[in-house]
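Residue numbers begin at 1 in each chain, while the letters A, B, ... track the order of the sequences.
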Number of protein chains: 2
Amino acid sequence: MNPQFHKGVIEMCVLSLVSARDRYGYELVEAISTELPISEGTIYPILRRLTQEGYFETYLQESNEGPPRKYYRMTRKGRSFTDSTAKEWTQFAKSVDRLLNQKN
Amino acid sequence: MNPQFHKGVIEMCVLSLVSARDRYGYELVEAISTELPISEGTIYPILRRLTQEGYFETYLQESNEGPPRKYYRMTRKGRSFTDSTAKEWTQFAKSVDRLLNQKN
DNA sequence: AGGCAGTACCGTGCAATGCAAGGTACTGTG
DNA sequence: CACAGTACCTTGCATTGCACGGTACTGCCT
């Protein structure tokens with residue numbers, strides 16, 4: 001898989017998954033890994049950045065399977081950002097398809 | 001448009017367009033610009049790199065509308081690379097769609 | 001004649017981001 | 001008590017798009 005394709009898209013996937021329900025980092029790594037090859041070193045910096053930018057709020061919750069989990073909850077600002085990013089992606093994918101199918 | 005989405009994809013569009021028929025740089029900028037906002041500073045380095053990697057061959061052709069055009073012709077190696085890149089893209093886009101529509 | 005818009009090429013340096021690699025620490029099981 | 005699994009985190013590198021700047025040729029308008 002061309003790793004460059006991932007640029008910007010993994011952030012969008014994180015946004016989308018957190019918008020569906022609260023998530024913790026390790027969980028996101030596992031969820032995205034089912035579809036795309038990624039590592040923890042990718043996710044944690046994204047979570048930190050999106051939190052700093054006001055798209056996420058965090059809270060800790062103890063777990064009986066290891067250390068406490070840091071959950072990410074989407075803010076209203078985050079929700080609107082997620083929506084516009086997803087729309088941009090859809091538009092972008094359509095544009096690329098048109099270019100790939102252009103036969104002259 | 002999130003500029004990060006472009007990473008790797010513009011290269012693929014260049015490959016696809018040259019695979020349909022020989023193209024020169026400025027022409028590619030115009031063709032891709034109809035769908036995605038890009039600049040010449042993006043295309044020329046890509047063309048240089050793909051040529052160095054053996055995916056393109058070049059030849060000059062005079063024009064009556066300005067300076068001579070440098071045409072890019074796809075090699076066999078380039079054709080196989082284009083095919084696998086396009087397949088990867090299709091697969092990738094499907095994976096992203098699945099992640100975006102994952103509602104729990 | 002001179003200037004300008006359009007065509008066409010090229011290079012440099014910055015910003016963004018994914019990832020490899022490494023580290024810490026908690027829990028339950030063999 | 002070691003180890004696998006869970007869970008967090010940081011640093012530095014590589015890639016790549018793009019802003020910006022530069023060169024040069026053609027034809028048109030004044």
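- Distance CD/B/Glu30 to CD/B/Glu40: 9.0 Å, rounded to 0.5 Å.
- Here the side chain of B/Ser19 pairs a donor or acceptor atom with the backbone of B/Ser16 at under 3.5 angstrom.
- The distance from atom CZ of B/Arg49 to atom P of C/dG11 is 14 Å, rounded to the nearest whole Å.
- Of the side-chain N and O atoms in A/Lys7, none sit less than 4.0 angstrom from OP1 or OP2 of C/dC19.
- In this structure, the separation between CD on A/Gln4 and CZ on B/Phe5 is 14.5 Å, given to the nearest 0.5 Å.
- The side chain of A/Arg69 approaches D/dT6 more closely than any other nucleotide in the set C/dT17, C/dC9, D/dT6.
- Counting to the nearest Å, the C1' atom of D/dT26 and the CD atom of B/Glu62 are 12 Å from each other.
- The side chain of B/Pro67 lies closest to C/dT7 when the candidates are D/dG17, C/dT7, D/dT16.
- Atoms CD1 (A/Ile43) and P (D/dT6) sit 17 Å apart, rounded to a whole Å.
- Take the nearest nucleotide of DNA chain C for A/Gly8 and for A/Pro68: the residue whose nucleotide is more 5' is A/Gly8.
- Rounded to an integer number of Å, the gap from A/Leu47 CG to C/dG18 P is 11 Å.
- Between A/Ser63 and D/dA7 there is a side-chain polar atom (N or O) within less than 4.0 angstrom of OP1 or OP2.
- What separates CD1 of A/Ile38 from C1' of C/dA20 is a distance of 14 Å, to the nearest Å.
- Heavy atoms only, all atoms of each residue included: B/Thr82 and B/Met74 are closest at OG1-CE, 3.3 Å.
- For C/dC9, the base has a donor-acceptor partner in the side chain of B/Glu40 [N/O atoms by modelled type, under 3.5 angstrom].
- Of the listed nucleotides (C/dG18, C/dC9, D/dA7), D/dA7 has the atom at the smallest distance from the side chain of A/Tyr24.
- The nearest whole Å value for the distance from the CZ atom in A/Phe5 to the P atom in C/dG18 is 15 Å.
- Taking atom CD1 of A/Ile46 as the reference point, atom C1' of D/dC9 lies 15 Å away to the nearest angstrom.
- Put simply, the side chain of A/Thr51 gets close to the backbone of A/Leu47: a donor and an acceptor are under 3.5 Å apart.
- Side chain of B/Arg23 to backbone of B/Leu17: a donor-acceptor contact under 3.5 angstrom is found.
- Residue B/Ser39 places no side-chain N or O under 4.0 Å from the OP1 or OP2 atom of D/dG17.
- With distances taken from any side-chain atom of B/His6 to the nucleotides D/dC18, D/dC25, C/dG18, the minimum falls on D/dC18.
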field: Criterion salt bridge (charged side-chain N to carboxylate O under 4.0 Å, His left out) on A/Arg69 and A/Glu27, from CA distance to verdict
entry: CA-CA 9 Å; A/Arg69 297 167 174 167; A/Glu27 183 188 10; over 6 Å; no
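- In this structure, A/Tyr44 reaches the D/dC8 phosphate: one of its side-chain N or O atoms is under 4.0 Å from OP1 or OP2.
- Between D/dT10 and A/Arg48, a contact under 4.0 Å exists linking OP1 or OP2 to a side-chain N or O.
- Residue-to-nucleotide proximity on DNA chain C shows that, of A/Gly66 and A/Pro45, the 5′-proximal contact is made by A/Pro45.
- Residues B/Gly41 and A/Glu65 both approach DNA chain D. Their nearest nucleotides, taken by heavy-atom distance, put A/Glu65 toward the 5′ side.
- In this structure, B/Ile43 and B/Gly25 approach most closely via the heavy-atom pair CG2-O, 4.1 Å.
- Nucleotide D/dT16 holds its C1' atom 14 Å from the CG atom of B/Asn2, rounded to whole Å.
- Listed by residue number, B/Pro37 are the residues of residues 25-37 of chain B with a heavy-atom contact under 4.0 Å to DNA chain D.
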